[in-house]
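Have a look at the structure below before the remarks.
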Amino acid sequence: MSKADVSILMEKVTEEEIREMDKELPSDVHLIEYLQGQDLILDAVRAYKMVDIFDIYHDYLNTKVIEGEITSFEIRSIRAGFGAIKPKLWQGN
């Protein structure tokens, strides 16, 4: 798996923000919810498989723990069902 398989669209968003933009987003958008220390964070991420998202985020957050940037993390959920545009047709950045 390469990092090209996972693309972060938006960081620190709310589910309401994503729902409002639903018609403008590709249908392969997932919402990942995780604790970083005591902070609950949601990111909008593009990927074909949820396991790819988990792997990238687990490695990234674990590195932050090792480097002492955060004390702990917990991936709470990865949810699909966002976006309405076929991924091939999406013209986003």
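At least one side-chain heavy atom of Phe73 sits under 4.5 Å from a side-chain heavy atom of His58. By the 4.5 Å heavy-atom criterion applied to side chains, Thr71 and Val65 are not counted as neighbours. By the 4.5 Å heavy-atom criterion applied to side chains, Val51 and Asp55 are counted as neighbours. Within the 4.5 Å cutoff, the side chain of Lys88 has no heavy atoms near those of the Pro26 side chain. Contact annotation: the side chain of Leu42 never approaches that of Ile32 to less than 4.5 Å [non-hydrogen atoms, C-beta and beyond]. Contact check for Glu33 versus Glu15: no side-chain heavy atoms found under the 4.5 Å cut-off. In this structure, Gln36 and Glu69 have side chains that are not in contact, with every pair of non-hydrogen atoms separated by 4.5 Å or more. Counting only heavy atoms from C-beta outward, the side chains of Tyr48 and Asp28 never approach each other to under 4.5 Å.
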Evaluation steps, side-chain contact (heavy atoms from CB on, under 4.5 Å), between Ile41 and Leu35: CA-CA 6 Å; Ile41 300 172; Leu35 282 173; over 6 Å; no

Trace of the side-chain contact (heavy atoms from CB on, under 4.5 Å) decision for Met21 with Phe82: CA-CA 9 Å; Met21 298 178 64; Phe82 303 94; over 6 Å; no

Working for side-chain contact (heavy atoms from CB on, under 4.5 Å), residues Ile18 and Leu25: CA-CA 8 Å; Ile18 298 301; Leu25 297 173; 4.0 Å; yes

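Remark: the backbone N or O of Gly83 is paired with a side-chain donor or acceptor of Asp22 at under 3.5 angstrom. Glu20 places no side-chain N or O within 3.5 Å of a backbone atom of Glu17 that could act as its donor or acceptor partner. At least one donor-acceptor pair under 3.5 Å links the side chain of Asp43 to the backbone N or O of Lys12.
Here CD1 of Ile75 is found 10.0 Å from CD1 of Ile53. Values are rounded to the nearest 0.5 Å. Atom NZ of Lys64 and atom OG of Ser72 lie 12.0 Å apart (nearest 0.5 Å). We find the CG-OG distance between Leu89 and Ser27 to be 9.5 Å, quoted to the nearest 0.5 Å.
Ionic pairing of Glu74 and Arg76 is present here: one or more N-O contacts between side-chain nitrogen and carboxylate oxygen are shorter than 4.0 angstrom.
The list of ring-ring contact (aromatic ring centres under 6.0 Å, His included) pairs with a residue in residues 8-38, not counting sequence neighbours, reads Tyr34-Tyr57.
Of all the heavy atoms in Asp52 and Asp5, the pair that sits closest is OD2-CB, 4.1 Å.
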